[in-house]
Number of protein chains: 2
Amino acid sequence: MKPSTHAHSRPPQALSALTGRLRGQSRKITGPRQAILEILRRHPHPMTNREIFAAMPKGRCDLATIYRAMHLLEEMGMVQRFDFGDGTARFELVGEGDDGHHHHLVCTRCAGVVEIDECFLREIESRIAARNGFKAVTHKLEFFGICPECQR
Amino acid sequence: MKPSTHAHSRPPQALSALTGRLRGQSRKITGPRQAILEILRRHPHPMTNREIFAAMPKGRCDLATIYRAMHLLEEMGMVQRFDFGDGTARFELVGEGDDGHHHHLVCTRCAGVVEIDECFLREIESRIAARNGFKAVTHKLEFFGICPECQR
DNA sequence: ATCGCTGCAAAAATTTTGCAGGTAA
DNA sequence: TTACCTGCAAAATTTTTGCAGCGAT
């Protein structure tokens with residue numbers, strides 16, 4: 001998992017800012033949730049629930065709790081769900097005010113991830129919506145390839 | 001599941017042409033495989049393995065056999081795997097000589113699917129590959145929205 | 001007669017859920 | 001105190017795999 005370069009610059013959010021968003025929605029600030037947010041905060045790339053669980057000091061919380069927390073955080077817009085097509089969901093922290101929409105370039109050999117901040121499809125999205133009479137059209141896009149390290 | 005419009009026109013392939021491709025790779029033409037190909041042939045949209053199983057006359061073959069067949073057909077390039085982000089794989093028949101690369105517009109209410117034949121990202125793909133030193137870059141892209149029927 | 005393929009059953013992996021008890025507010 | 005959360009256990013899905021026997025070539 002070599003390429004951890006991220007061309008973007010999502011500034012790390014303070015933990016207090018994150019818990020504040022929870023408090024604002026009158027959700028409780030518990031040990032497991034703080035631990036999860038702390039882990040996501042330090043990780044610039046999408047993580048599976050199992051990875052979050054593994055990164056947690058000595059099973060500090062149950063895996064089921066992580067699943068429930070990610071549902072909540074996703075609903076609140078604090079994390080964004082990504083799907084790399086291997087059948088396991090991945091989550092990334094979303095900056096305050098950001099909608100979290102971006103893409104990734106994933107190495108199919110080592111699973112390394114490069115963040116892609118540009119979005120190329122905004123206008124194509126509206127064209128497709130109009131042409132087919134759809135509303136509220138969004139998209140999911142991920143790139144896959146072989147990273148420089150894995151080519152050698 | 002209303003919108004079954006497909007702007008594209010993938011001509012249905014004869015079953016004999018399909019089995020011929022199997023024969024050409026010295027794979028066996030069995031009852032289950034013929035049934036699977038027949039079902040896919042009549043379905044212009046991606047199907048889950050369970051849907052294929054359900055469309056099969058009276059459990060004519062085992063679900064595990066369908067999984068194994070789809071692996072084979074995918075490897076042979078006869079079907080293309082799609083991922084609508086709900087954690088279950090979907091498969092669509094690929095025309096002879098076609099690479100199967102295309103996208104979908106999926107209704108998040110009724111799960112209806114519109115096929116999108118254009119691909120907008122060929123050149124962006126090479127730009128991203130070059131910029132990050134990746135090789136063999138591909139992408140997966142799906143659109144989601146609310147179809148005309150479901151808006152009423 | 002091969003070797004590949006199938007059905008059945010069991011297992012693996014991810015995700016969801018019920019429930020009783022605990023804790024943040 | 002009162003909701004909300006958590007851990008534990010069980011269940012629901014999707015997908016994979018082992019094995020013995022059958023069947024296409």
Side-chain angles (χ1 to χ4, degrees), chain A residues 15-16 18-39 46-76 78-91 111, chain B residues 15-16 18-39 46-76 78-91 111:
Chain A
L15 188 58
S16 60
L18 294 171
T19 56
R21 289 171 75 179
L22 279 174
R23 185 171 291 120
Q25 303 251 345
S26 48
R27 316 310 294 243
K28 298 190 177 165
I29 297 163
T30 64
R33 289 182 182 173
Q34 289 182 70
I36 291 169
L37 290 171
E38 185 60 37
I39 289 166
M47 295 183 83
T48 66
N49 284 351
R50 191 163 290 280
E51 283 168 348
I52 296 173
F53 183 62
M56 191 98 35
K58 197 170 82 79
R60 200 174 167 306
C61 98
D62 196 86
L63 187 53
T65 299
I66 298 181
Y67 274 95
R68 283 189 272 232
M70 299 320 282
H71 277 299
L72 172 67
L73 294 174
E74 184 181 18
E75 221 168 74
M76 291 180 56
M78 289 184 61
V79 301
Q80 177 77 33
R81 176 190 298 258
F82 291 101
D83 190 341
F84 290 176
D86 64 348
T88 60
R90 284 173 167 76
F91 298 91
Chain B
L15 187 58
S16 60
L18 294 171
T19 55
R21 289 172 75 179
L22 279 174
R23 197 185 319 271
Q25 304 252 343
S26 50
R27 316 312 292 245
K28 297 188 176 164
I29 297 162
T30 63
R33 288 181 181 174
Q34 289 180 71
I36 290 169
L37 289 171
E38 186 59 39
I39 288 166
M47 295 182 82
T48 66
N49 284 351
R50 191 163 290 281
E51 283 168 348
I52 296 172
F53 183 63
M56 191 100 32
K58 197 168 83 75
R60 202 175 165 305
C61 98
D62 196 86
L63 187 52
T65 300
I66 298 182
Y67 275 94
R68 283 188 272 233
M70 300 319 284
H71 277 299
L72 172 67
L73 294 174
E74 185 181 18
E75 221 169 73
M76 292 180 58
M78 289 184 61
V79 301
Q80 176 76 32
R81 176 189 297 259
F82 291 100
D83 189 341
F84 289 177
D86 64 349
T88 61
R90 284 174 167 76
F91 298 91

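Numbered from 1 within each chain, the chains take letters A, B, ... in sequence-line order.
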Minimum heavy-atom distance between [X] and [Y], given as atom pair plus value:
X       : Y       : result
B/Lys28 : B/Leu22 : O-CD1, 4.4 Å
B/Cys61 : B/Phe53 : O-CE1, 3.0 Å
B/Asn49 : B/Leu63 : O-CD1, 3.9 Å

Phosphate OP1/OP2 of [N] contacted by [X] side-chain N/O (<4.0 Å):
X       : N      : result
A/His71 : C/dT16 : yes
A/Tyr67 : C/dT16 : no
B/Arg50 : D/dT13 : no

Item to complete: If a pair satisfies side-chain hydrogen bond (donor to acceptor under 3.5 Å, both in side chains) and one of its residues is in residues 78-87 of chain A, list it, with sequence neighbours excluded.
Response: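 Non-adjacent pairs meeting side-chain hydrogen bond (donor to acceptor under 3.5 Å, both in side chains): A/Glu74-A/Arg81, A/Asp86-A/Thr88, A/Asp86-A/Arg90.
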
Worksheet entry | Residue pairs passing the side-chain hydrogen bond (donor to acceptor under 3.5 Å, both in side chains) test where at least one lies in residues 30-39 of chain B, sequence neighbours excluded |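 For residues 30-39 of chain B, and leaving out neighbouring residues, the side-chain hydrogen bond (donor to acceptor under 3.5 Å, both in side chains) pairs sorted by first residue read B/Glu38-B/Arg41, B/Glu38-B/Arg42.
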
Discussion item. Does anything in residues 78-90 of chain A come within less than 4.0 Å of DNA chain C? Heavy atoms only, and list the residues if so.
Written reply: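 When residues 78-90 of chain A is checked for heavy atoms under 4.0 Å from DNA chain C, the hits, listed by number, are A/Gly87, A/Thr88, A/Ala89.
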
Worksheet item: Going by the salt bridge (charged side-chain N to carboxylate O under 4.0 Å, His left out) test, which pairs reach into residues 48-71 of chain B, not counting sequence neighbours?
Response: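 Salt bridge (charged side-chain N to carboxylate O under 4.0 Å, His left out) check on residues 48-71 of chain B returns no pairs.
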
From [atom1] ([X]) to [atom2] ([Y]), nearest 0.5 Å:
X       : Y       : atom1 : atom2 : value
B/Ile66 : B/Thr48 : CD1   : OG1   : 9.0 Å
B/Leu37 : B/Leu18 : CG    : CG    : 5.0 Å
B/Phe91 : B/Met70 : CZ    : CE    : 5.0 Å

Rounded to whole angstroms, how far apart are [atom1] on [X] and [atom2] on [N]?
X       : N      : atom1 : atom2 : result
A/Ile66 : D/dG7  : CD1   : C1'   : 12 Å
A/Ile36 : D/dC5  : CD1   : P     : 12 Å
B/Leu72 : D/dT16 : CG    : C1'   : 16 Å
B/Lys58 : C/dG7  : NZ    : C1'   : 14 Å
A/Asn49 : C/dA13 : CG    : P     : 16 Å
A/Arg33 : C/dG22 : CZ    : P     : 19 Å
A/Leu63 : C/dA13 : CG    : C1'   : 11 Å
B/Phe53 : C/dT6  : CZ    : C1'   : 13 Å

Fill in: Side chain to side chain, B/Ile36 and B/Met56, heavy atoms closer than 4.5 Å
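Yes, at least one pair of side-chain atoms sits under 4.5 Å.
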
Fill in: With B/Tyr67 via ring-ring contact (aromatic ring centres under 6.0 Å, His included) - residues at least two apart
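Result, ring-ring contact (aromatic ring centres under 6.0 Å, His included) vs B/Tyr67: none returned.
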
Could you list the protein-to-nucleotides 8-10 of chain D atom pairs, N/O on both sides, closer than 3.5 Å?
{"from": "D/dC8", "atom 1": "N4", "to": "A/Arg68", "atom 2": "NH2", "distance (Å)": "3.4"}

Fill in: Overall bend - the helix from C/dA1-D/dT25 to C/dA25-D/dT1, comparing terminal axes fitted on five pairs, nearest 10 degrees
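That helix has its two terminal axes inclined by roughly 30°.
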
Worksheet entry | Nucleic acid contacts of residues 20-32 of chain A, taken as heavy-atom distances under 4.0 Å to DNA chain D |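 By residue number: A/Arg27, A/Lys28, A/Thr30, A/Pro32.
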
Worksheet item: Residues in side chain to side chain contact (heavy atoms under 4.5 Å, CB included) with B/Gln25, at least two apart?
Response: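 Checked B/Gln25 against side chain to side chain contact (heavy atoms under 4.5 Å, CB included); matches are B/Arg27, B/Met76.
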
